[in-house]
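Read the structure below first, then the notes.
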Amino acid sequence: MISDQALKNVVLYTGNDKFFLEQLDGVEGFVSIDRLLSEVRFEVNRSKLPVNLPRRNIFGVYGMFKTFSGPCLVVVTEATKIGKISGQSILRIDKTEIIPYARTNYHISQRQASDDATLISMVKNILDTPHHYFSLNYDLSHTMQRQAFMSPEFRQLSMFERADDRFIWNYQLLENFFQGDKEVAKYSLLVIHGFISIKVSSVGRNSFNWAVISRRSRYHAGARFYARGINSDGHVANFVETEQIVEYDGQKTSFVQTRGSIPLFWNQKPNLEYKPSIVIDTFKVHILAFTKHFEEQILQYGQQVLLNLANQKGPEGRLVNYYKTLVQTYNSDMLKYKAFDFHQECSRVRWDGLSIFIDRNSQDLLSFGYLHLSSQGLVIRIQEGTFRTNCIDCLDRTNVVQSMLAHKNLEAVLECLGILSEGSDLVNHKNFEYSFNNVWADNADFISCQYSGTRALKTDYTRTGKRTIFGSLKDGYNSLLRYYKNNFSDRFRQDAIDFFHGHWTVDDGLPVLITEKRGWKFYLPIFWRLVTMPPKVILGYGREYMNVPRLVGKYLRHNSPSNSKKQLIYQI
């Protein structure tokens, strides 16, 4: 797939005092951006556009953020067309550019200039986290079912006004940019963050368009150990809506699942242990936030089957018991709680237990159904309920189960559309089965990269249907990489996400933690413990690669000169 240059329909003119934006599709007027006064205006008279300025084509504006020296414009310069949904092109952002309004930084202090460099690097960190997607004409923020029931009046609104703001990743940057001006908004792009795959697929002699879309919520967004549980508004960490779409002979189907952190007030702050302690906040009234969360979920998705894949014993077990108790306290027919101890049931590669668990949910899968639109756009059936799946991270175990539910749904859909003969199994269609497994493994990898900083674990099972030695070794590597990132780089990433979504601004000053400098004395104990560790641990003998971070944490605790200094080491 190559970059679709024809979709670069915005021209950016760069002058010393102003930027100008012009659309090439015949839209009247243009946008003027005053670099000194930071004013953004829509000009009606296109003849006033200074076309002699340096110019270049872009896809559109990603947004704007403020630094100490002034605003910075973010534009999308390169993108790849990955396919079409409902006949509309879907693009993945490949390259963005940050353009400061101010031409120099002589008007700010040296410290502020240094902080500006940090702010820009923070935004780049988010922009460079794969992957960001947009469409000029298709609303990626809404599922196909929500779009099918939009009123004519709602459809007349601009894409920004009618978008589901939960999933517009650049929502805050866009608000900063056009500040309510509908005409200026037309030059911007609505971006979702997550994963999209669109493939023209074949089963037998029949070809169809098959897409998987995962949308990350911008609410309670963050890095793995810094964003856990629920907040007081009822938003949970790592909430992702995943939609599977099939288009065939003018007909369309859509099947939606969600994932999200266990909806309690809990945290798991990084402290150099491999698995930091899970702490439940007993001072918060959990049921209030829990109720807010599921009232919205039921409104959006209907009845919920809550698939809890966390361990039923040990540190996770206490969290699981709280969750189950809250479901019972909420006492609604719209919630059905089902627990499955993934690690216990699937230990020693006993993956048959997982298949049995999926089979137990087949009746709910059948009763929930899926959206089915006729070739004339008429609603034949709708999806009446949703599976909400979680483990502790809502990554590896969650994706395995979601892929298996999606597989069962797809078999039912293809049979309904006449693509798959009645009683047939997709497993017998090796080429498509290979494609399906790899798409869902890619979905796992990218959602994991966005939340934990590394690719997912257990994807060898998703890709091949079995666990392998190579897969286990790869999981060990990714586990150690997660450990490093979660402890030493995710604090910066969390601050970057918070800044990106407008939770703090330059008026507040930079958070203390990202401005702290750590010298070699901080890292020396860790390095020394690793190099003196027995080779069987370094090489990951058996399951002992899991002990490396635990032993490092123990070393630091036992060798801290005082409790106060120990706290300084841990609060990263």
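Side-chain contact between L49 and E22 is present, with at least one heavy-atom pair separated by less than 4.5 Å. The closest side-chain heavy-atom distance from F30 to V11 is not below 4.5 Å. Put simply, the side chain of Q383 reaches to within 4.5 Å of the side chain of F255, judged on heavy atoms. The shortest side-chain heavy-atom distance between V212 and D442 does not fall under the 4.5 Å cut-off. For the pair I58 and L21, the minimum side-chain heavy-atom distance is below 4.5 Å. In this structure, R35 and F19 have side chains that are in contact, with non-hydrogen atoms separated by less than 4.5 Å. At least one side-chain heavy atom of R103 sits under 4.5 Å from a side-chain heavy atom of D17. Side-chain contact between E183 and R41 is absent, with no heavy atoms from C-beta onward closer than 4.5 Å.
With values rounded to the nearest 0.5 angstrom, I392 atom CD1 is found 9.5 Å from T398 atom OG1.
For the 3.5 Å distance criterion, the side chains of S135 and N137 fail to qualify, holding no donor opposite an acceptor. A side-chain donor-acceptor contact under 3.5 Å links Q244 and N409. For the residue pair N238 / D393, no side-chain donor-acceptor distance below 3.5 Å is found, with atom types taken as modelled.
Sorted by first and then second residue, the pairs that involve residues 246-256 and meet side-chain hydrogen bond (donor to acceptor under 3.5 Å, both in side chains), not counting sequence neighbours, are S86-K252, N206-Y248, N209-E247, E243-S254, Q251-H372. Within the structure, ring pair (Phe, Tyr, Trp, His ring centres under 6.0 Å) pairs that include any residue of residues 137-160 comprise F160-Y171, F160-F178 (at least two apart or interchain).
A pairwise comparison of heavy atoms in I85 and A211 identifies CD1-CB, 4.2 Å as the closest pair. In this structure, P50 and F20 approach most closely via the heavy-atom pair CG-CE1, 3.4 Å. Minimum interatomic distance between S32 and K18 (heavy atoms only, all atoms of both residues): OG-CD, 3.6 Å. F265 approaches S232 most closely through the heavy-atom pair CE2-N, 3.8 Å. When all heavy atoms of R259 and N399 are compared, the pair lying nearest together is NH2-OD1, 3.0 Å.
Listed by chain and number, the residues in a ring pair (Phe, Tyr, Trp, His ring centres under 6.0 Å) with F42 amount to none (sequence neighbours excluded). Legend: residues meeting side-chain contact (heavy atoms from CB on, under 4.5 Å) with A113, ordered by chain and number and at least two apart, are N105, I108. Partners of S109 by side-chain contact (heavy atoms from CB on, under 4.5 Å), not counting sequence neighbours, listed by chain and number: R111, Q112. Residues that satisfy the ring pair (Phe, Tyr, Trp, His ring centres under 6.0 Å) test with H407, not counting sequence neighbours, are F436. Taking R381 as the reference, nothing meets the salt bridge (charged side-chain N to carboxylate O under 4.0 Å, His left out) condition, with sequence neighbours excluded. A search for side-chain contact (heavy atoms from CB on, under 4.5 Å) contacts involving Q304 returns F294, Q297, I298, Y301, L306, L335, T386, R388, not counting sequence neighbours. Among residues two or more places apart in sequence or in another chain, the ring pair (Phe, Tyr, Trp, His ring centres under 6.0 Å) test is passed with F368 by F387. Partners of F68 according to the ring pair (Phe, Tyr, Trp, His ring centres under 6.0 Å) rule, which considers only residues two or more places apart in sequence or in another chain, do not exist here. Scored by the side-chain contact (heavy atoms from CB on, under 4.5 Å) test, H131 finds R92, Y133, F446 as partners (sequence neighbours excluded).
A donor-acceptor distance shorter than 3.5 angstrom exists from the side chain of Q494 to the backbone of A223, with no hydrogens or angles considered.
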For residues 188-198, dump all side-chain donor-acceptor pairs below 3.5 Å to protein atoms at least two apart in sequence or in another chain.
| from | atom 1 | to | atom 2 | distance (Å) |
| --- | --- | --- | --- | --- |
| S188 | OG | A185 | O | 2.6 |
| H193 | ND1 | R216 | NH1 | 3.4 |
| H193 | NE2 | T129 | O | 3.2 |

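Heavy-atom contacts from other residues, nucleotides or ligands closer than 6.0 Å to CG of N431 number 12 or fewer.
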